[in-house]
Amino acid sequence: MAMEVTQVLLNAQSIDGNVRKHAEESLKQFQEQNLSSFLLSLSSELANDEKPVDSRKLAGLILKNALDAKEQHRKLELVQRWLSLDNNVKSQIKACLLKTLSSPVVDARSTASQVIAKIAGIELPQKQWPELIVSLLSNIHQLPSHVKQATLETLGYLCEEVSPDVIDQDQVNKILTAVVQGMNASEGNNDVRLAATRALYNALGFAQANFSNDMERDYIMRVVCEATLSPEVKIRQAAFECLVSISSSYYEKLTPYIQDIFSITAKAVREDEEPVALQAIEFWSSICDEEIEILEEYGDDFTGDSDIPCFYFIKQALPALVPMLLETLLKQEEDQDQDEGAWNIAMAGGTCLGLVARTVGDDIVPLVMPFIEENITKPDWRQREAATYAFGSILEGPSPDKLIPIVNVALNFMLSALTKDPNNHVKDTTAWTLGRIFEFLHGSTIDAPIITQANCQQIITVLLQSMKDAPNVAEKACGALYFLAQGYEVVGPSSPLTPYFQEIVQALLTVTHREDAGESRLRTAAYETLNEVVRCSTDETAPMVLQLVPVIMMELHKTLEGQKLSSDERERQSELQGLLCGCLQVIIQKLGSSEPTKYVFMQYADQIMGLFLRVFACRSATVHEEAMLAIGALAYATGLDFAKYMPEFYKYLEMGLQNFEEYQVCAVTVGVVGDICRALEDKILPYCDGIMTQLLKDLSSNQLHRSVKPPIFSSFGDIALAIGENFEKYLMYAMPMLQSAAELSAHTAGADDEMTEYTNSLRNGILEAYSGILQGFKNSPKTQLLIPYAPHILQFLDSIYMEKDMDDLVMKTAIGVLGDLADTLGSNAGSLIQQSLSSKDFLNECLSSEDHMIKESAEWAKLAISRAISI
Amino acid sequence: MAPHDLRRPFKRAAISDQQRRRDLTLQRQAQGRRDAQQQARCLASTVLSLQSQSTQPEYEPDIELEPESLPDLLPEQEESGASSKDLDVRHASKLKGAEARKWFARQLMLPEWMIDVPDCLAQDWYVFARPAGKRCFVVSSNGTTVSRQRNGSILHRFPSALPNGAKTRDVSGPSQSYSILDCIFHEPDQTYYVIDMVCWRGYSLYDCTAEFRFFWLNSKLGETGACSPPSFYHKYRFSTVPIYNCDQSGLSSAYTGALPYVKDGLLFYNKHAHYQTGNTPLALVWKDENCSQYVIDTDSKGQVPSQQQVVLELQDDGKLITSDDPPVVFGCLDLDFIQKEIFYVLLLVMEVEFVDGKLEKVDLHYLGKVNRARAFPDSYSKMLEALILYEKKGKKKLTTGGIQISYAICFFEHAFSLV
């Protein structure tokens, strides 16, 4: 048997497809017949130094895959399967794995490390395999260096797999001691030192206590900093990765070290190899992330109770940091703008400069301006591009007051560079910089407009001209136009863009037809810009938007003609359909928002719906998200007439609701259910069984992303409001679900911000469901069916009130539900309501709220309650 | 533990337009929900104050917005007028006499004959063996139970354990509530086999999927005691029929499984279909000699005669039509032939030509009027089916066409050969 396994494992890697397939089948069969002996023979294969390395590696890989999977459901299954194996079998496998760590063959050791970590990830939380860490640590001291290396690697993987709270502090200390000792300069073996440095990266999450102890922290920091000076590049890189991780995990502990770290990083940025230099820059980007977040959250005034104060590391480092970053800008690569995957020191440096500008604001401007002025007219394109990029990078952060005078001077130069500069990079960056100018310094909030009647024509001419340039430049020009249009979003009945509307639309459509529009995301950018132009259009240009409808429909129609597509073509078709459906969605929403245009648009509705259905029919198992969004907009615009599309559309609606994997699609479809409810009102009734069945299934699925669940509850409310008392038959299913979700979301003690935010969205969904159901049953003889639920609803309102962590939206919805309860149940609930906390303290708090929406709901609730009590 | 990717977005806008579209959609939906909620809350006050809200005046466009037409882009959408089959079962359950007959005659869901195998049969369909007997509606209300046949005539009036089906004190639920079941009355064991549930305790299941109706039927019928043996307050036993998924084992169970009743073909119900009156392609019937004795007309010796009978409806203008919606027209009769009666039995001679799977030339011979109990002509699919089975008996080889039905027959032969 053992011999046979080796051969099968080798065959499974054969270049001959038939041999491979046969071997894979044998393995599968073996696994199915006897899992224990299958796993055992794999582990002994891996442990056997007489076996070929290839069969050992594959044996280890199969073992690893038998313990873990990407998909959450499958993962849990595998965990259960492992736990239920015979203990004796598991011990034998584990013994083989630990033995393999001493193998002279590096690949076998490395594979075994990963498998051990996977098992640890399963067993340690169950308090099993308690001797693992002890036995790994005993390896560290006595044995040859290759065993030490494998052991440190195992500890690294282990820290990646296992959550810190399942390992007690004593063991954490020992792990960290072993790891940091392995990193120490006194360790002569580079492999050991590298394994230790990489292990520390994962172990940092376990070091909370150690970082709070000055001596231990000093020691760790000293060893990490020393490792950044190692002669071995991989060790230096791994050490900088540790620094990056420390910068976000232990920002508040960095003060004593920041000076030294600056010196180390500056040296690395200027002198070291690129992978190391990139990590060094990332350290400062990461510090910017931290400080931006702190400053956004607390503004400038820190009070004693803010968790982490801002230490202004960036501000202090600014005079040295900015010149260092500006230097990197000159190290561009020739074709970086055409290469999607490119990431080099110039890009990293420029990105960091942008973050620094956001962190310190105005202070950066005087430090960067000399560099711009010096380089922007130089003959070397690298200098012109670097100067332009520096300018573009600092446009977000500093105040408009500081920037606008500079922009007013620079604008003409930029426009002329965009048309005349001979270099593609310079034009790319110039167009991008113009886009940044329009994004941050143009719009109704800016007092002194930079785009005026005098230069508007010129700006548009230049941008439209640039759309004929190389794809990467044209894409940036589209982007600039996007923000130009956005700045005119709320201008009233007339827009400065009106005179150019036709010309802009035409130019964008021309771009979408360019043969090279597939490069540099150009076609996408053109359609997205068209969308924004449509969104920001006014009544004046409505007839032109209407003319766009048949044009885009024709484009969509063309995508449906291809047959027998290859998978590449199918993907492109689907992408293009997405863009066109997206565009139609924007148009429908725009035209549907005012009565005159909606009226004229309606004559296209049948044809558009026909096209959307054909887009759906292009796929077999999934629905097109963009088409779904567009249909939602169409339902909103068509209202009751949408009923005629339902027989054909329904199956796709159902398909969308079943799409657990692409939860965005599911979420979008749930939203469309609401659109359709409001459009069809009780005409949706024939479809409600199917819809409710799917929604209930979605709610009880643990595969579905949790963010979809709150909107599902809201859609219960939409359905109930649409079909009224016909919701009766779903009460027995919906109400228990709502109740248990309500109980879950009532108490949030100890939750973090993210959890609290989710809980509030869940509460809002539940409350919207209650609201819709209560209002739906109003004035119906079946109102009495809701009486049994009233105590629970009131209890829910009281408990979220007492929890004191609801947001304004929940407050508004909650007080509305109180009103709905009184409105629908009247005197039946009068005394219950009077006894509740909600009808007193909560209502009073809402009545005196600053938020007018809360106040409005509260006043309505007060009225409804007084009516319920008086009857 | 490979080096970690540290690329950040470069020269890209932070928010994608797609995300913007999603966000704007969510905003619109939230606004829509608020508006709807607001409207519902306002309705309360208007009802209370007896103020009628005037609807918005019809909008007239005041600007010239003439969109260009799109020639040949898409076929014209058919105008689908709202069907006026508005059912008011509540009202109907109180109907009496001729009115009730007329109403019930139109209310049963009638399967089409299976002339080809639907896609996704295994996933989307149920199958069960149809009990041989009289198809009828059973209505229980106000302390009595009435069964009515397809033509609306009463079969039995009796006390039953159905909700409000007998005058007993034990009434669970409001006394005016009623239930309507779709049944087949099976003579040999005097049992009503319930094949569908249309209304239960006053609420309608018309608009529920078959999946739901069958689930409800199986969970609710037993609770009432209607499946118990007959007693003083319960004259006839009711029973459910075993319903299977249309997979291999389900099909074979329905086709060959032993049942307490005589089989008359198989019924296929689409799981997602609502209860729809009249002929529907979402319910199908299959009959062959293995599962039904009524599959094809036979003479007293069990031989297939050279001619088969079908029932067609004679219309005022002389057209002969099937029960399909829309009906299929099979030629015309001389006007002087027409009498006041509506239904005639016509003789269909089997020497016909198939062109593209359609009955083109059919030699029809008038045989006589049908029995008064007969309320409907046959459907087109039944005629096709009969024709093909007739062919299978080796009576006559059809020259062309009939592919779909042949396929269906092959499908069944294959499916059942594996039993």
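Since this is a predicted model, take the numbers as computed values, not measurements. Throughout, protein chains are lettered first and strands after them, A, B, ... in sequence-line order, and every chain is numbered starting at 1.
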Atom group of A:Asp289 that falls short of 4.5 Å from chain B, counting heavy atoms: side chain
Option from B:Thr280, B:Asp182, B:Thr209 for which side chain to side chain donor-acceptor pair (under 3.5 Å) with B:Tyr275 holds: B:Asp182
Proximity breakdown for B:Leu26 and chain A, heavy-atom pairs closer than 4.5 Å: neither
Region of B:Gln18 that comes under 4.5 Å of a non-hydrogen atom in chain A: both
Chain B contact via A:Glu475 - side chain, backbone, both or neither, heavy atoms under 4.5 Å: side chain
A:Ser771 portion near chain B, given a 4.5 angstrom heavy-atom threshold: both
Contacting region of A:Tyr201 [heavy-atom separation from chain B under 4.5 Å]: side chain
Shortest non-hydrogen contact from A:Ala348 toward A:Ile281: O-CG2, 3.6 Å
Segment of A:Ser285 engaging chain B (4.5 angstrom heavy-atom cut-off): both
Winner by heavy-atom pair count (cut-off under 4.5 Å) against chain B, out of A:Gly674, A:Gly578, A:Gly582: A:Gly582
Part of A:Leu355 lying under 4.5 Å from any heavy atom of chain B: side chain
Region of A:Thr429 in contact with chain B, defined by heavy-atom distances below 4.5 Å: both
Chain B contact via A:Lys598 - side chain, backbone, both or neither, heavy atoms under 4.5 Å: neither
Candidate pair B:Tyr269 and B:Leu284, rule side chain to side chain contact (heavy atoms under 4.5 Å, CB included), full reasoning: CA-CA 7 Å; B:Tyr269 274 56; B:Leu284 299 169; over 6 Å; no
Chain B contact via A:Ala238 - side chain, backbone, both or neither, heavy atoms under 4.5 Å: neither
Which atoms of A:Arg436 approach chain B - backbone, side chain, both or neither, heavy atom under 4.5 Å: neither
Interchain contact, A:Asn726 with chain B, by part (heavy-atom threshold 4.5 Å): neither
Part of A:Tyr389 lying under 4.5 Å from any heavy atom of chain B: side chain
Residue A:Glu528 versus chain B: region with a heavy atom under 4.5 Å: both
Residue A:Thr433 versus chain B: region with a heavy atom under 4.5 Å: neither
